[in-house]
**Student:** 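Below you'll find the structure I mean.
Computed from a prediction, not measured in an experiment: that's the story for all the values here. Numbers here are sequence positions counted from 1.
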Amino acid sequence: SVAGDRGVLVAQPGSIQLFDRDAQKVLWTASSVQTPTGIVASNDHAAVIDALANQVQIYELRTSKATAITTGETPV
């Protein structure tokens with residue numbers, strides 16, 4: 001999870017939720033990556049990373065619109 005100006009963003013397997021700043025009310029819910037291994041956010045966008053499946057979902061925090069990106073393999 002990560003907190004920002006728009007609220008608290010929580011990523012769980014297969015879904016993501018944006019809560020208000022007090023983390024009391026869900027503002028929106030959307031589908032997400034299956035195994036969230038990282039999350040980063042700015043004031044307007046957030047990215048949820050699934051390093052195991054080489055996927056990233058990028059969200060517009062105002063609208064919950066998502067863009068999926070496939071990443072390259074990372075060395076282990």
Side-chain angles (χ1 to χ4, degrees):
S1 63
V2 64
D5 289 343
R6 294 195 182 266
V8 179
L9 198 60
V10 178
Q12 299 175 354
S15 70
I16 187 169
Q17 293 179 305
L18 179 64
F19 290 84
D20 65 7
R21 293 174 115 190
D22 297 322
Q24 299 295 314
K25 179 181 174 188
V26 176
L27 302 176
W28 56 255
T29 300
S31 62
S32 187
V33 297
Q34 191 56 44
T35 309
T37 56
I39 185 171
V40 294
S42 68
N43 288 337
D44 299 317
H45 295 87
V48 181
I49 303 158
D50 184 341
L52 302 176
N54 301 316
Q55 296 178 336
V56 177
Q57 286 279 104
I58 300 173
Y59 298 90
E60 291 180 19
L61 295 178
R62 186 176 49 82
T63 65
S64 77
K65 180 182 174 188
T67 303
I69 297 173
T70 301
T71 65
E73 293 284 334
T74 57
V76 177

**Student:** Nearest 0.5 angstrom please: L61 CG to I16 CD1, how far?
**Tutor:**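 It comes to 8.0 Å.
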
**Student:** If Ile, Leu, Val, Met, Phe, Trp and Tyr residues are connected whenever their side-chain heavy atoms lie under 4.5 Å apart, and connections chain through other members, are V10 and V48 in the same group?
**Tutor:**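 Different clusters.
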
**Student:** Looking at every non-hydrogen atom in both residues, tell me the closest pair between D20 and Q24 and how far apart they are.
**Tutor:**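 Looking at all heavy atoms of both residues, the shortest contact is OD1-N, 2.9 Å.
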
**Student:** In the single-linkage hydrophobic clustering (I, L, V, M, F, W, Y; side-chain heavy atoms under 4.5 Å), do V40 and L52 co-cluster?
**Tutor:**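 No, no single cluster joins them.
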
**Student:** Indicate yes or no for a side-chain donor-acceptor contact from R6 to the backbone of D44 under 3.5 Å, with no hydrogens or angles considered.
**Tutor:**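 Absent.
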
**Student:** What are the two closest non-hydrogen atoms of Q55 and T71, and how far apart are they?
**Tutor:**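 Shortest heavy-atom contact: N-OG1, 4.0 Å.
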
**Student:** Give, for atom CG of N54 and atom CD1 of I49, the distance between the pair rounded to the nearest 0.5 Å.
**Tutor:**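 Between N54 CG and I49 CD1, I get 11.5 Å after rounding to 0.5 Å.
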
**Student:** Measure across R21 and V8 and return the closest heavy-atom pair with its distance rounded to 0.1 Å.
**Tutor:**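 Shortest heavy-atom contact: O-CG2, 4.3 Å.
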
**Student:** Between A41 and V2, what is the shortest heavy-atom contact and its length?
**Tutor:**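 Shortest heavy-atom contact: CB-CG1, 4.0 Å.
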
**Student:** Checking T29 now: which residues fulfil side chain to side chain contact (heavy atoms under 4.5 Å, CB included) with it, not counting sequence neighbours?
**Tutor:**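 For T29 the side chain to side chain contact (heavy atoms under 4.5 Å, CB included) partners, ignoring immediate neighbours, are Q17, V26.
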
**Student:** What side-chain hydrogen bond (donor to acceptor under 3.5 Å, both in side chains) pairs are there with at least one residue in residues 30-41, not counting sequence neighbours?
**Tutor:**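 Found S32-Y59.
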
**Student:** Holding to side chain to side chain contact (heavy atoms under 4.5 Å, CB included), I want the full list of residues that pass it with T63, two or more places apart in sequence or in another chain.
**Tutor:**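 So T63 forms a side chain to side chain contact (heavy atoms under 4.5 Å, CB included) with E60, K65.
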
